Q: 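Structure in structure tokens, see below.
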Amino acid sequence: MTFRTRSFLTALVTAAVALGVALPLVSWNIRRSVIQRIERDLIQQTRLTAQALGRLPAPGPGGLDAEADTLGALVSARVTLVARDGSVLGDSERSPEELAALENHRTRPEILRAGADGLGTARRYSTTLQTDMLYAALPLRIPSAPELAYVRLALPVTEERQYLASIRLSAVAGAGAGLATALLLAWAGSMLLSQRVDAIARVARRYAAGDLSRPARDYGTDEIGTVARALDASIHDIGRRAAELATDRARMEAILGGMSEGVLVVNHQGELQLVNTAARRLLRLTEGPEGRHYMEIVRHPDIAAQVATALRGLTGESLELQLQHDLVIVTRSAPVAAGSRTGAVVVLHDITDLRRADRVRRDFVANVSHELRTPLTAVRGYVEALLDGETSSADSRRFLEIISRHTLRMERLVRDLLRLARLDAGQERREHVPCLVEALFEGVEEELESSLDARRQEVRRDIAEEAGTMYGDPARLHDAFRNLLENAINYSPPGSTIGMAARRAGSRVLLSVTDEGPGIPEADLPRVFERFYRVDKARSRGEQDPGGTGLGLAIVKHLIELHGGRVTAANGPRGGAVFTVDLPAP
Ligand code: ADP
């Protein structure tokens with residue numbers, strides 16, 4: 001039931017009950033006063049009739065009955081004249097013949113009371129007239145008619161009934177009109193009230209939908225207005241606090257999202273409350289794990305055990321874990337008190353790079369020692385052979401040549417290592433001047449001309465017009481491309497052609513060195529820029545040809561990155577390696 005209907009019905013029922021109570025009360029009151037008035041009038045008339053009879057000189061020719069008729073006509077009531085013994089001497093509504101048949105009236109209550117008190121009234125059903133009658137009787141003492149003892153007047157109450165009925169009718173009509181007006185007023189009142197309640201409900205719905213702007217109209221000053229204003233104020237207060245919480249949460253999420261450490265927050269029931277981006281990445285979580293139990297999400301038993309420990313309120317030991325996907329992490333967990341309950345927070349620290357750098361450093365030291373020991377062993381061997389003095393002069397010469405090659409290689413190795421150390425330490429400053437690609441390629445080719453000639457190889461240059469110039473350090477770019485061309489010469493067959501090209505791709509200049517050699521196996525492609533990494537370890541080793549240092553491409557990578565560029569290795573569509581240097585265009 002709507003508020004409007006309810007308030008309307010309440011008003012309606014109240015009005016109906018008020019009318020229902022008032023109507024019988026009013027009609028009872030009216031009835032009483034009407035009867036009292038009729039009674040008063042009847043007594044008055046009786047007194048007048050008695051007076052008139054008292055002045056009667058002597059009964060006329062029709063006797064007392066004729067007198068009764070005359071008086072009855074005058075007072076418009078039934079007039080009965082009763083003798084001391086109760087017999088009826090005259091009656092305005094009976095003919096003289098009927099009088100004898102009338103009952104004796106001595107025992108009538110009004111006659112008895114008149115005899116005793118001087119005035120008698122009564123009300124009863126008249127069998128004669130078949131209606132309720134009101135009677136009033138007075139004793140008489142008339143010298144002209146000594147047998148006459150009482151005069152009695154009677155009025156049928158039909159008149160009273162009619163009067164009452166007409167009053168009741170107008171009372172009901174009035175009540176009906178009142179009720180209708182009350183209904184109308186109640187309806188209008190409930191409409192106004194429900195409109196206000198509806199307006200408040202609309203504002204509440206808007207607030208619930210998140211729009212907290214104030215309503216245009218005031219709530220009013222009555223009780224509804226006061227309640228609405230109080231609720232409004234508390235909603236705005238809650239809204240302000242919610243906004244502050246949202247800001248705090250957004251700030252916290254931004255901080256957690258920006259952290260490189262993974263963070264998991266678990267509530268006292270073990271449900272994940274927060275999993276930041278880094279944690280999702282480290283634990284390889286795809287869809288939103290928030291709200292789910294950590295056991296479903298955290299597959300690693302050691303991390304799960306740490307969460308369990310923290311949930312028991314204990315701070316666990318930090319653990320170093322190797323995850324399936326080559327990730328090394330350190331995890332640490334701690335309990336978080338939230339009221340009387342204990343949640344847990346787990347921090348995952350990705351130390352993969354640290355461990356890789358460690359390994360690279362260890363490998364590097366091992367590689368350097370190894371790379372130096374090999375030629376040193378060879379040199380010592382040949383020097384000892386020479387010291388024996390038993391070698392022929394041809395052998396001696398050959399040994400000395402080998403010693404020379406190995407020393408050269410060691411020299412190269414040391415030189416390359418020093419250069420890498422300088423590059424690592426950021427000690428190599430680069431110039432930034434316009435360089436002509438043509439001049440760069442030509443300079444590199446000229447430097448390696450003897451090697452090219454020795455292997456009957458040819459360089460084909462292909463430089464697009466828009467890629468003719470770029471900015472950089474000419475000496476360092478020369479070193480980088482000399483390294484790439486040297487590799488192309490060494491790793492491609494004699495008599496083959498080497499391509500050096502330049503083209504423009506948007507804001508970048510792409511410079512490439514292509515050869516017709518065996519190319520690089522796909523698996524080795526990402527690793528060729530690592531220090532000491534060689535695809536075919538056997539190919540570049542041996543007593544006669546100690547081969548390259550395995551540091552060339554690492555230096556190239558460093559030099560290009562110094563220019564804000566990138567170098568990549570790939571295989572050409574018809575085989576052969578393709579090294580592409582990607583530099584920002586001027
Ligand atoms: P190295 O001194 O051994 O040449 P680099 O760092 O220059 O060392 O090269 C690393 C490895 O990459 C080489 O040992 C070789 O296996 C491979 N490589 C480099 N350039 C080429 C090429 N043009 N064709 C095939 N393999 C190559």
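Order of appearance sets the numbers: ligands from 1, and atoms from 1 within every ligand. By convention here, the first residue in the shown sequence is residue 1. All of these numbers come straight from a predicted model, not from anything done at the bench.
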Q: Before we go on, tell me: are the rings of His236 and Tyr207 under 6.0 Å apart, centre to centre?
A: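 When the ring centroids of His236 and Tyr207 are compared, they turn out to be within the sub-6.0 Å range.
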
Q: Quickly, which of Met252, Arg251, Glu253 forms a side chain to side chain contact (heavy atoms under 4.5 Å, CB included) with Ile255? Name it, please.
A: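 Of all the options given, the one that passes is Arg251.
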
Q: Considering only heavy atoms of Ala577, which atoms of ligand 1 have at least one such atom less than 4.0 Å away?
A: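 Counting from 1, the qualifying ligand atoms are 22 (C), 23 (N), 24 (N).
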
Q: Could a heavy atom of Phe579 be found less than 4.0 Å from some atom of ligand 1?
A: yes

Q: At under 4.0 Å between heavy atoms, is it the side chain or the backbone of Asp515 that contacts ligand 1, or both, or neither?
A: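 Asp515 to ligand 1: side-chain contact only, backbone stays beyond 4.0 Å.
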
Q: Do the numbers put Arg531 on top of the ring of Phe364, so that NZ or CZ is under 6.0 Å from the six-membered ring centre and no more than 45° off the axis?
A: yes

Q: Testing the basics here: between Arg419 and Glu428, what is the closest heavy-atom pair and its distance to 0.1 Å?
A: NE-OE2, 2.9 Å

Q: Please say whether Gly550 places an N or O atom under 3.5 Å from an N or O atom belonging to ligand 1.
A: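 Looking only at distances, the answer is yes, because the N/O contact criterion of under 3.5 Å is met.
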
Q: Roughly how far, to the nearest 0.5 Å, is the CG atom of Leu551 from the CZ atom of Arg415?
A: 10.0 Å

Q: Relative to the heavy atoms of Val535, which atoms of ligand 1 are at a distance of less than 4.0 Å?
A: 14 (O), 16 (O), 17 (C)

Q: Does any N or O in the side chain of Asp515 come within less than 3.5 Å of the main-chain N or O of Gly576, such that one atom is a donor and the other an acceptor?
A: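 Side chain of Asp515 to backbone of Gly576, a donor-acceptor pair under 3.5 Å: no, none is there.
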
Q: Going by the order shown, which atoms of ligand 1 are within less than 4.0 Å of some heavy atom of Tyr533?
A: 10 (C), 11 (C)

Q: Minimum heavy-atom separation for Glu320 to Val328, with atom names?
A: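 For Glu320 and Val328, the tightest heavy-atom pair comes out as OE2-CG1, 3.5 Å.
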
Q: Quick check: does Asn483 get an N/O under 3.5 Å from an N/O on ligand 1?
A: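 In this structure, Asn483 places no N or O atom under 3.5 Å from an N or O of ligand 1.
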
Q: Provide the number and element of each atom of ligand 1 under 4.0 Å from a heavy atom of Leu553.
A: 5 (P), 6 (O), 7 (O), 9 (O), 10 (C), 12 (O), 19 (C)

Q: Of all the heavy atoms in Gly517, does at least one lie under 4.0 Å from an atom in ligand 1?
A: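 Checking ligand 1 against Gly517, which is what was asked, there is no heavy-atom contact under 4.0 Å.
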
Q: Taking 4.0 angstrom as the limit and counting only heavy atoms of Gly519, give me the atoms of ligand 1 inside it, by number and element.
A: 25 (C)

